[in-house]
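The structure appears right after this line, and notes come after that.
Bear in mind the structure is a predicted one, so any value in this text is a computation, not a measurement. Lettering of chains follows the sequences in order, A, B, ..., and the numbering in each one begins at 1.
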2 protein chains.
Amino acid sequence: MAAIEHKQLWQAVADQLRDEILDGRLSAGSRLVETELAERFGVSRGPVRDALAELARAGLAVDLPRRGTFVPSLTEKDLAEVYVIRRAIEEAAVRLAIEQGTDQDITAMYATLEQTERAYRADDLAAAWEADMAFHRCICRMSGNGRLLMLFDELSSQTVLLMRTALATHASLGWTPPVEVHRQIADAIRAREPRAASAAVGAHFQYTQDRLRASPEN
Amino acid sequence: MAAIEHKQLWQAVADQLRDEILDGRLSAGSRLVETELAERFGVSRGPVRDALAELARAGLAVDLPRRGTFVPSLTEKDLAEVYVIRRAIEEAAVRLAIEQGTDQDITAMYATLEQTERAYRADDLAAAWEADMAFHRCICRMSGNGRLLMLFDELSSQTVLLMRTALATHASLGWTPPVEVHRQIADAIRAREPRAASAAVGAHFQYTQDRLRASPEN
DNA sequence: CGGACGCTAACTGTTGACAATCGTCCTGTC
DNA sequence: GACAGGACGATTGTCAACAGTTAGCGTCCG
């Protein structure tokens, strides 16, 4: 095993660009010029083109025909859209996770929980946020639904981008990881109570959405 | 208005290929050779490549690196995955549709319902199926969530492909359009009863899923 | 002084060609 | 007779070049 990931060139480029977009090194509105990137990565324009198409499909870039590709500036509306879908699929995921999840999965889930808490106590908000996302991803993985997991990854990327652009100034500063809510969800999963788990996820999203909607004063 | 849709070449190719795949003219397992298609459409391999990438992203093709692109043969597991996600997002969509939908939208929704009935009485199962899908799409459009609608389109395409491949022989023959269930959903939307509407959608999917799971004897 | 036209530069969309890789067939050996 | 190894063919991944379009800017006319 551990077979050599025969990564396509365009995948490597896409991964690199994705990281830079999510890190904020490529800020919203930045233009992604094919020739420029091709030279930077030492490849031709072909793979760069493929990479940009991939990012566009993932919602991390917008492609205006004949005009170029840009890093999108996501709005409140985008935030609402993403959260509606995330809530829907994660409520479903948690129910499946109860049916499909192994004890090992549940252990891993609790690990992310503790990691979140530890990072928060260490005042490492970035790590706490990452562990928070890992918790959600863990549930989606437990669902055993590959499409659902891929969809989550797409939406979580957009969530990160949203947090960086729309809410960089106000909301993220006051953010605290919802450890206790996550623990509620985790406990419900371990107890194999689909109703409670689904409701807890719904409540979690409701709360997050309300808080985000309340804070900005556009 | 009605501005000239300056369609990119690869989009035209992708549309054509999508139609052929969904029509069954390109059956499951078919190999999509870039050179071949390029010659057939009178374009270079570049746009064909882009088109195949697009189809692969939409789940209507699978790309095996260095080996080629194929029309996928979707399995029971794929069916289950697609339906889980569709149920989740459509339950959410119907709730939003109640908030966002205009009277015009509701009229259009009922139109698809009547169209389904008419096509079924005329023994045109293909048209009935299409109108059935149009009904579901109508609800997703009413949600006002662009991402949700795009996601639905993706999943509905895969649903069509599934019906063609996995269930071509047994289930589709006995299929009858669930007009009365659809009417229940529509009525709940018109009456602005989110609970009932969401429940009706859920029941609809539960029923469909059970029936599909019961029929094949793999 | 303001607006419209035309020019220029840059970038994208598309093309054709080259090289690397994978599947297949054939051959030879056990 | 079956399996391993090597060569060939086909097809994809990548590259460099060409053509068309778009945005920006300057100039000219009203």
Side-chain angles (χ1 to χ4, degrees), chain A residues 1-21 25-73, chain B residues 1-21 25-73:
Chain A
M1 64 178 346
I4 305 158
E5 273 285 336
H6 208 346
K7 232 173 205 169
Q8 302 285 70
L9 220 46
W10 68 265
Q11 279 181 344
V13 174
D15 288 345
Q16 177 69 23
L17 283 177
R18 193 192 336 268
D19 284 349
E20 294 191 13
I21 290 173
R25 288 156 63 187
L26 287 169
S27 56
S30 299
R31 185 171 185 182
L32 302 169
V33 181
E34 294 179 0
T35 41
E36 210 173 89
L37 297 172
E39 191 172 358
R40 238 186 69 194
F41 290 114
V43 297
S44 182
R45 270 182 54 216
V48 172
R49 236 181 125 66
D50 293 344
L52 290 179
E54 165 69 18
L55 291 178
R57 167 198 134 359
L60 296 181
V62 285
D63 179 70
L64 307 180
R66 289 271 178 202
R67 299 182 61 184
T69 307
F70 301 83
V71 179
S73 351
Chain B
M1 61 175 359
I4 305 157
E5 274 286 337
H6 208 348
K7 230 173 205 168
Q8 304 285 70
L9 264 182
W10 69 264
Q11 277 182 345
V13 174
D15 287 345
Q16 177 70 20
L17 283 177
R18 190 191 337 266
D19 284 348
E20 294 190 13
I21 291 173
R25 287 155 64 186
L26 287 169
S27 56
S30 299
R31 185 171 186 182
L32 301 168
V33 181
E34 294 178 1
T35 320
E36 216 171 84
L37 297 172
E39 192 172 357
R40 236 186 71 193
F41 291 112
V43 297
S44 183
R45 269 182 56 218
V48 173
R49 234 181 124 68
D50 292 345
L52 291 179
E54 166 69 17
L55 292 178
R57 283 174 297 211
L60 295 181
V62 285
D63 179 71
L64 308 180
R66 292 272 180 200
R67 299 183 59 183
T69 307
F70 301 83
V71 180
S73 351

key: Matching residue for A/L26 among A/E20, A/R31, A/R18 - test: side chain to side chain contact (heavy atoms under 4.5 Å, CB included)   = A/E20
ask   = Under the criterion side chain to side chain contact (heavy atoms under 4.5 Å, CB included), which of B/L64, B/D63, B/L32 is the partner of B/F70?
value = B/L64
message = Is A/R49 close enough to C/dG13 that one of its side-chain N or O atoms is under 4.0 Å from OP1 or OP2 there?
response = yes
message = Does D/dA16 have OP1 or OP2 under 4.0 Å away from a side-chain N or O of A/R45?
response = no
message = Considering every strand and a 4.0 Å limit on heavy-atom distances, what is the contact class for A/L32: base, sugar-phosphate, or nothing?
response = sugar-phosphate
task = Under 4.0 Å between any heavy atoms, over every strand shown, what does A/G46 touch: base, sugar-phosphate, or nothing? Just pick one.
result = nothing
request  = Write down the atom of B/L55, the atom of B/A14, and the distance for their closest heavy-atom approach.
outcome  = CD2-O, 4.0 Å
key: Exercise: identify the closest heavy-atom pair between B/V71 and B/S27   = CB-O, 3.5 Å
When the distance from [atom1] of [X] to [atom2] of [N] is rounded to whole Å, what number comes out?
X     : N      : atom1 : atom2 : answer
A/E36 : C/dA9  : CD    : P     : 19 Å
B/E39 : D/dT12 : CD    : P     : 13 Å
B/L9  : D/dT21 : CG    : C1'   : 14 Å
B/E34 : D/dA10 : CD    : C1'   : 12 Å
A/R31 : C/dA10 : CZ    : P     : 12 Å
A/L64 : D/dA23 : CG    : P     : 9 Å
A/F41 : D/dG13 : CZ    : P     : 20 Å
B/D50 : C/dT12 : CG    : C1'   : 12 Å

Over 12 foreign heavy atoms within 6.0 Å of CD, B/Q16 = yes
inquiry  = Would A/T69 and A/V33 count as a side chain to side chain contact (heavy atoms under 4.5 Å, CB included) here? Give the steps.
reply    = CA-CA 7 Å; A/T69 307; A/V33 181; over 6 Å; no
key: Nucleotide nearest B/T35 when distance is taken to its side chain, options D/dC15, C/dG16, D/dT12   = D/dT12
message = Quick check on DNA chain D: between A/V43 and A/R67, whose nearest nucleotide comes earlier from the 5' end?
response = A/V43
task = Five pairs at each end of the helix from C/dC1-D/dG30 to C/dC30-D/dG1: take the axis at both ends and give me the angle between them to 10°.
result = 20°
query = Between B/E54 and B/L17, is any pair of side-chain heavy atoms under 4.5 Å apart?
reply = no
